[in-house]
Amino acid sequence: MQVFDVVVLGAGSAGEWVAGGIADQGGSVALLEKLRVGGECPYVACIPSKAMLRSAQARAQARHLDRLGGASAAPGLDPDRLAFAAAVRRRDELSHGRDDRGAAGSIVRRGVSLVRGAGRIAGPGVIVSGASEIGYRDLVVATGSGPVIPSLDGLDTVPAWTSDQALSAAECPASLLVLGGGAVGCELAQAYAGFGVPVTLVESAGQLAGHQDARIAADLAAVLRGSGVDVRLGVSVTRLAATASRSARALLSDGTAVEAARVILAVGRAPATAGLGLAAIGVRPGEGGALRVDDHCRVEGQEHVWAAGDVTGIAPYTHGANYQARVVTENLLGGSRAADYRAIPRIVYTEPPLASVGLTEAQAREAGTDVLTATADVAQMARAATDGAADRAAAGRLVLTADRARGVLIGAAAVGPRADDWICEAAVAIRARVPLEVLADVVHPFPTYAQSYEVPLRELARAVRPA
Ligand SMILES: Cc1cc2nc3c(=O)[nH]c(=O)nc-3n(C[C@H](O)[C@H](O)[C@H](O)COP(=O)(O)OP(=O)(O)OC[C@H]3O[C@@H](n4cnc5c(N)ncnc54)[C@H](O)[C@@H]3O)c2cc1C
């Protein structure tokens, strides 16, 4: 049995990062992958979803070209179906046709031993894959997550897709029912609506986007409604049935019914820990199947087992996976690095996007913090006027949350054009605990959306300044 310094289970964002980082420093490393090197992000998640959203946004902009002064009259556009096919071609180019040969080749060139196949822990220091045994000094579990399939009466009788299937398919459904109003559900709903697909989105919670600030979540609902999505909040599907035309008919908890040619299941994702053989090393996953890790990303109770990415249930984003992978890599190379999750941005890439970082007002109060908040109307920024985004539905707002006693920012959330980029200013402020009076003195270029920070920051700085 060949023994490696490090064996990595799963070659997604986290696994690729760790394996490459160890190999770059001369360590021996085996990377096991049962499907595609690169994991879900480049092929069936981040990249294809952002590609489809971009195409839908380009089409929406083109429709309003005359209002933007780019044409003297509204231009004629080709039919939605033809445009959808073009968007799918572009999506598939950007996601390499879901072919991982390029990614596999580059990881092997870095000196990683790539093993194609599922790996399972057989006991301390030993992984099995097919008939092979592979030894490790350190093990990194980076097996990602999978879609939660809700247990719904009649689900097996209707045409339903997970996000992976939706983002791999060429078909443009005649109509859609999206179950779930998290990032995945909202993004897919807007992308399809942009090609004229009638979309209904059903979310059982009273708001979209999980535990966001309620005002920001309401802005996101307005954005989706403005894109033509029928957003139903606080209702759930009680039963599904196939119609004579093979569509899905969903009965909702409020007594109404929705019919759609396809259902998209976007009710969440669960860490992929089933079947990994964790019991062979005495590890039991936590709630929802997540691998519990300490702040060094070491699996609890294990000296030589680490985890990174969605499998930990912490910060389930590509940038979260890469961050934990950086922490693990540094620790495997002899460092002692602790992860700090206070300022990991969370984005819903609609147009305009929802971007947030840190705590909401409710979360901070629950933690016993003396909280201050201030808001800005992004539509009031000069840039919103020049960009043609000067109404609330198109421009949204910014909500800042501060800790009065410490005089620092602890949370920010926004719906607004390019908020996915300008939220990073708040991320730095939260991570580095920059005093509010310094933040309030920062000068932003004119005209930008980042100027939205200035008035609320001055308000917060005044409120914490001793009289
Ligand atoms: C539709 C969608 C859109 C998204 N968009 C964004 C976005 O825009 N930005 C963002 O930051 N995040 C986004 N995410 C989340 C992001 O994709 C994940 O957080 C990220 O890919 C997680 O990386 P990972 O390495 O933990 O897991 P993965 O990328 O899932 O990699 C895990 C790998 O492990 C392999 N594996 C599992 N079990 C085994 C085993 N036993 N043996 C060998 N291999 C195994 C799997 O085949 C997989 O390749 C999106 C997710 C979805 C579903």
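Both counts, for ligands and for their atoms, begin at 1 and track the order of listing.
- For ligand 1, one of its N or O atoms has an N or O atom of P316 under 3.5 Å away.
- With a 4.0 Å cut-off on non-hydrogen atoms, P147 does not touch ligand 1 at all.
- Of the N or O atoms in A14, one or more lie within a sub-3.5 Å distance of an N or O in ligand 1.
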Solution key, residues 276-289 side-chain donor-acceptor pairs under 3.5 Å, sequence neighbours excluded:
none

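- Note on ligand 1: A118 sits in its first shell, one or more heavy atoms being nearer than 4.0 Å.
- Nearest protein heavy-atom neighbour of atom 45 (C) of ligand 1: K34 CG, 3.7 Å.
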Would you check, one step at a time, whether the test side chain to side chain donor-acceptor pair (under 3.5 Å) holds for S175 with E259? CA-CA 8 Å; S175 52; E259 258 187 53; over 6 Å; no
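- Among the atoms of R269, none of the N or O lies under 3.5 angstrom from an N or O of ligand 1.
- Near S163, meaning under 4.0 Å from one of its heavy atoms, ligand 1 places the atoms 1 (C), 53 (C).
- Some N or O of D310 is nearer than 3.5 Å to an N or O of ligand 1, by distance alone.
- With L167, D420, L188, T143 as candidates, the residue nearest to atom 39 (C) of ligand 1 on a non-hydrogen basis is T143.
- Residues I347 and P353 share a closest heavy-atom pair of CG2-CB, 4.4 Å.
- Taking the six-membered ring for Trp and thresholds of 30 and 60 degrees, Y449 and W422 have nearly parallel ring planes, at less than 30 degrees apart.
- Atoms of ligand 1 found under 4.0 Å from any heavy atom of G119 (numbered from 1 in listed order, with element): 40 (C), 41 (N), 42 (N), 43 (C).
- A salt bridge is defined here as a Lys NZ or Arg NE, NH1 or NH2 lying under 4.0 Å from an Asp or Glu carboxylate O, and D230 with R232 meets this definition.
- Annotation: V184 places no N or O atom under 3.5 Å from an N or O atom of ligand 1; distance criterion only.
- The shortest heavy-atom contact between V44 and S168 is CG1-OG, 3.5 Å.
- Protein heavy atom nearest atom 50 (C) of ligand 1, with residue, atom name and distance: A45 CB, 3.8 Å.
- Heavy-atom contacts of R36 reach the following atoms of ligand 1: 49 (O) (cutoff under 4.0 Å).
- Using a 4.0 Å cut-off to heavy atoms of L32, the atoms of ligand 1 that qualify are 43 (C), 44 (N).
- Proximity of L400 to T375: side-chain heavy atoms (C-beta onward) are nowhere separated by under 4.5 Å.
- What sits closest to atom 31 (O) of ligand 1 on the protein, heavy atoms only, is G12 CA, 3.2 Å.
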*Kindly indicate, with the supporting measurements, whether the criterion side chain to side chain donor-acceptor pair (under 3.5 Å) is fulfilled by Q190 and T350.*
CA-CA 7 Å; Q190 197 185 46; T350 44; 4.8 Å; no
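- Note on D80 versus R59: salt bridge recorded, some NZ/NE/NH1/NH2 to OD/OE distance being below 4.0 Å.
- The nearest protein atom to atom 34 (O) of ligand 1, hydrogens excluded, is given as G10 CA, 3.2 Å; this is a heavy-atom distance.
- For ligand 1, the polar-atom distance check finds an N/O of K50 within less than 3.5 Å of one of the ligand's N/O atoms.
- In this structure, atom 27 (O) of ligand 1 lies nearest to the protein heavy atom G144 CA, 3.3 Å.
- Atom 28 (P) of ligand 1 has its nearest heavy-atom neighbour, among E40, E33, E16, in E40.
- Ion pairing between a basic and an acidic side chain is recognised when a charged N comes within 4.0 Å of a carboxylate O; R116 and D100 show such pairing.
- The protein atom (non-hydrogen) at minimum distance from atom 12 (N) of ligand 1 is T318 N, 3.3 Å.
- Checked against a 3.5 angstrom limit, the closest N/O atoms of Y349 and ligand 1 fall outside it.
- In plain terms, the two heavy atoms of V6 and V8 that are nearest each other are CG1-CG2, 3.9 Å.
- With hydrogens and angles ignored, the 3.5 Å screen pairs no side-chain donor or acceptor of R239 with any backbone N or O of D153.
- Residue L276 touches ligand 1 through its side chain alone, judged by heavy-atom distances below 4.0 Å.
- Of all atoms in ligand 1, numbered sequentially from 1 with element shown, those under 4.0 Å from a heavy atom of Y317 are 10 (C), 11 (O), 12 (N), 19 (O).
- Against a heavy-atom cut-off of under 4.0 Å, L35 is close to the following atoms of ligand 1: 47 (O).
- Electrostatic pairing of E351 and R54 does not count as a salt bridge here, judged by no charged N lying under 4.0 Å from a carboxylate O.
- Once rounded to the nearest 0.5 Å, the distance linking CG of D387 with CE of M381 reads 13.0 Å.
- Not a single heavy atom of R120 sits closer than 4.0 Å to an atom of ligand 1.
- Heavy-atom contacts of S49 reach the following atoms of ligand 1: 3 (C) (cutoff under 4.0 Å).
- Counting atoms of ligand 1 from 1 in the listed order, those under 4.0 Å from a heavy atom of A142 are 32 (C), 33 (C), 34 (O).
- Closest heavy-atom approach to atom 4 (C) of ligand 1 within the set G39, C46, G117: this belongs to C46.
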Distance-only donor-acceptor hits, side chain of residues 328-336, under 3.5 Å, sequence neighbours excluded:
from, atom 1, to, atom 2, distance (Å)
T329, OG1, A325, O, 2.6
E330, OE1, R337, NH1, 2.5
N331, OD1, R337, N, 2.5
N331, ND2, H296, O, 3.1
N331, ND2, V327, O, 3.2
N331, ND2, R337, O, 3.0
S336, OG, H296, NE2, 3.1

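- Ring geometry for Y323 against Y341 counts as perpendicular: the plane angle is over 60°, on a 0 to 90° scale with 30° as the lower cut.
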